[in-house]
Amino acid sequence: MRILIVEDEPDLLRSIAQALREGGYAVDTAPDGEDGFYKAENYDYDAIVLDVMLPKMDGWEILKRLRKIKKTPVLMLTARDQTRDRVKGLDTGADDYVVKPFDLPELFARLRALIRRSANKTTNVIEIGQIKIDTALRNVSLQEKPVELTAREYALVEFLALHRGEVVTRTQLYEHLFDENESSLSNLLDVHVSNVRKKLGAEFIVTRRGHGYCIE
Ligand code: CA
């Protein structure tokens with residue numbers, strides 16, 4: 001999962017980004033509205049965390065422009081004295097909002113719910129044969145036994161599982177699993193896929209030659 005955070009308070013931006021990365025997300029950041037809109041328009045994010053009050057272009061303007069071209073789930077960050085923002089945000093096409101100051105765990109829970117809704121999943125748990133993926137706890141079990149995955153391996157499994165039955169291209173995986181600061185060495189993805197197969201079974205992820213990967 002790749003998330004964009006648009007926030008002009010450096011400390012807040014850093015703490016959200018760091019916590020999300022620790023949770024295995026690929027994270028891009030933008031310190032102002034112009035940069036935020038540029039990235040939102042040009043990259044395919046799984047969700048965007050968007051502050052309302054931003055230099056250069058405010059959050060409403062970004063949202064308005066974005067909604068003309070994309071359905072990327074958007075979580076707005078509003079200030080407590082902007083209660084009317086809530087209504088405005090949902091009218092303009094925001095998917096959810098949190099009021100500042102907020103706890104990081106609450107923000108993450110809302111983000112996960114957003115991503116799940118956008119994939120049309122109503123529960124936290126995705127079951128594929130003997131494999132269970134809990135997207136709230138971010139863990140995986142095989143025949144009821146927990147399986148140790150690295151954060152990146154988990155992200156790979158979750159992304160494929162949320163797109164079950166579809167062929168996901170390598171390009172899509174690079175875009176959703178790695179952020180702008182990571183060098184995407186082409187063999188790295190193969191290493192993650194190979195490790196997941198060792199842990200969850202060789203047939204769990206199917207390779208479609210010349211196309212990409214798929215969970216059937
Ligand atoms: Ca701000």
### Query
Backbone N or O of Asn124 within a donor-acceptor pair of the Thr135 side chain at under 3.5 Å?
yes
### Query
In terms of side-chain geometry, is the basic nitrogen of Arg67 or Asp95 positioned less than 4.0 Å from the acidic oxygen of its partner?
yes
### Query
To the nearest 0.5 Å, how far apart are NE2 in His163 and SG in Cys214?
11.5 Å
### Task
Decide if atom NZ of Lys70 counts as having more than 12 heavy atoms of other residues, nucleotides or ligands within a radius under 6.0 Å.
yes
### Task
Kindly determine whether Ile16 and Thr29 satisfy side chain to side chain contact (heavy atoms under 4.5 Å, CB included), including the steps that lead there.
CA-CA 10 Å; Ile16 300 174; Thr29 59; over 6 Å; no
### Task
Please check if the side chain of Asp51 supplies one atom and the backbone of Leu54 the other of a donor-acceptor pair under 3.5 Å.
no
### Query
Where is the tightest heavy-atom contact between Leu114 and Pro73, given as atom of each residue plus distance?
CD1-CB, 4.1 Å
### Query
Just wondering, do Glu158 and Arg138 contact through their side chains at under 4.5 Å, heavy atoms?
yes
### Task
Check Ser15 against Leu104 and note the closest heavy-atom contact, atom names and distance.
O-CD1, 4.0 Å
#### Entry: Minimum heavy-atom distance Ala26-Phe178, with the two atoms named
CB-C, 3.5 Å
### Query
Would Tyr97 end up clustered with Met53 when hydrophobic side chains under 4.5 Å apart are linked, directly or stepwise?
yes
### Message
For Ile48 versus Ala40, what's the shortest heavy-atom pair and its separation?
### Response
CD1-CB, 3.7 Å
### Separation between CD1 of Ile3 and CZ of Arg21, rounded to the nearest 0.5 Å
11.5 Å
### Query
Would you say Lys100 and Leu12 make side-chain contact, with heavy atoms under 4.5 Å?
yes
### Message
Using only atom types and a distance under 3.5 Å, with no angle test, would you say the side chain of Asp103 pairs donor to acceptor with the backbone of Pro105?
### Response
no
### Query
So, Asp179 and Arg2, do they make that salt bridge, N to O below 4.0 Å?
no
#### Entry: Test item: Met1 and Leu162 side chains (from C-beta on) under 4.5 Å apart, heavy atoms
yes
### Query
Has the side chain of Lys199 got a donor or acceptor atom that lies under 3.5 Å from a matching backbone atom of Leu149?
no
#### Entry: Lys/Arg-Asp/Glu bridge criterion (N-O < 4.0 Å) met for Glu216, Arg208
yes
### Task
List the steps and the verdict of side chain to side chain contact (heavy atoms under 4.5 Å, CB included) for Glu61 and Phe37.
CA-CA 9 Å; Glu61 185 61 27; Phe37 181 69; over 6 Å; no
### Query
Is Val167 reachable from Leu160 through a run of I, L, V, M, F, W or Y residues, each pair having side-chain heavy atoms under 4.5 Å apart?
no
### Query
Is there a side-chain contact between Leu4 and Thr72, using heavy atoms and a 4.5 Å cut-off?
no
### Task
With rounding to the nearest 0.5 Å, note down the distance linking CG in Leu142 to CD1 in Ile133.
11.0 Å
### Task
Taking all non-hydrogen atoms of both residues into account, name the closest pair between Ala94 and Met76 and its distance.
CB-CG, 3.5 Å
### Query
CD1 of Ile215 to CD1 of Ile205: how many Å apart, nearest 0.5 Å?
5.5 Å
### salt_bridge(Asp28, Lys39) N-O dist < 4.0 Å
no
### Message
To the nearest 0.5 Å, what is the distance between CG on Asp35 and CG on Asp8?
### Response
12.0 Å
### Heavy-atom side-chain contact between Ile131 and Val157 under 4.5 Å
no
### Query
Are side-chain heavy atoms of Leu50 and Leu66 found at a separation under 4.5 Å?
no
### Leu107 and Leu77: CA distance, side-chain angles, deciding distance, side chain to side chain contact (heavy atoms under 4.5 Å, CB included) verdict
CA-CA 9 Å; Leu107 180 74; Leu77 303 181; 3.9 Å; yes
### Task
Verify salt bridge (Lys or Arg N to Asp or Glu O under 4.0 Å) between Asp32 and Lys56, making sure each step is shown before the conclusion.
CA-CA 6 Å; Asp32 65 62; Lys56 298 189 185 173; 3.7 Å; yes
### Query
Does the side chain of Ile126 reach to within under 4.5 Å of the side chain of Arg164, using non-hydrogen atoms?
no
### Cation-aromatic face contact Arg112/Tyr25, 6.0 Å, 45 degrees
no
### Message
Any non-hydrogen side-chain atom of Thr78 less than 4.5 Å from a side-chain atom of Val99?
### Response
yes
### Task
For the pair Glu7 (side chain) and Glu9 (backbone), establish whether a donor and an acceptor sit closer than 3.5 Å, ignoring hydrogens and angles.
yes
### Heavy-atom pair with the smallest gap, counting every atom of Leu177 and Phe159
CD2-CB, 4.4 Å
### Message
For the backbone of Phe204 and the side chain of Arg197, can you confirm whether one donor and one acceptor N or O come within less than 3.5 Å of each other?
### Response
no
### Message
Could you go through Leu111 and Leu20, starting from their C-alpha distance and side-chain angles, then the distance that decides it, and tell me whether this counts as side chain to side chain contact (heavy atoms under 4.5 Å, CB included)?
### Response
CA-CA 10 Å; Leu111 262 183; Leu20 281 172; 4.0 Å; yes
### Query
Any side-chain donor-acceptor pair under 3.5 Å between Arg170 and Tyr213?
yes
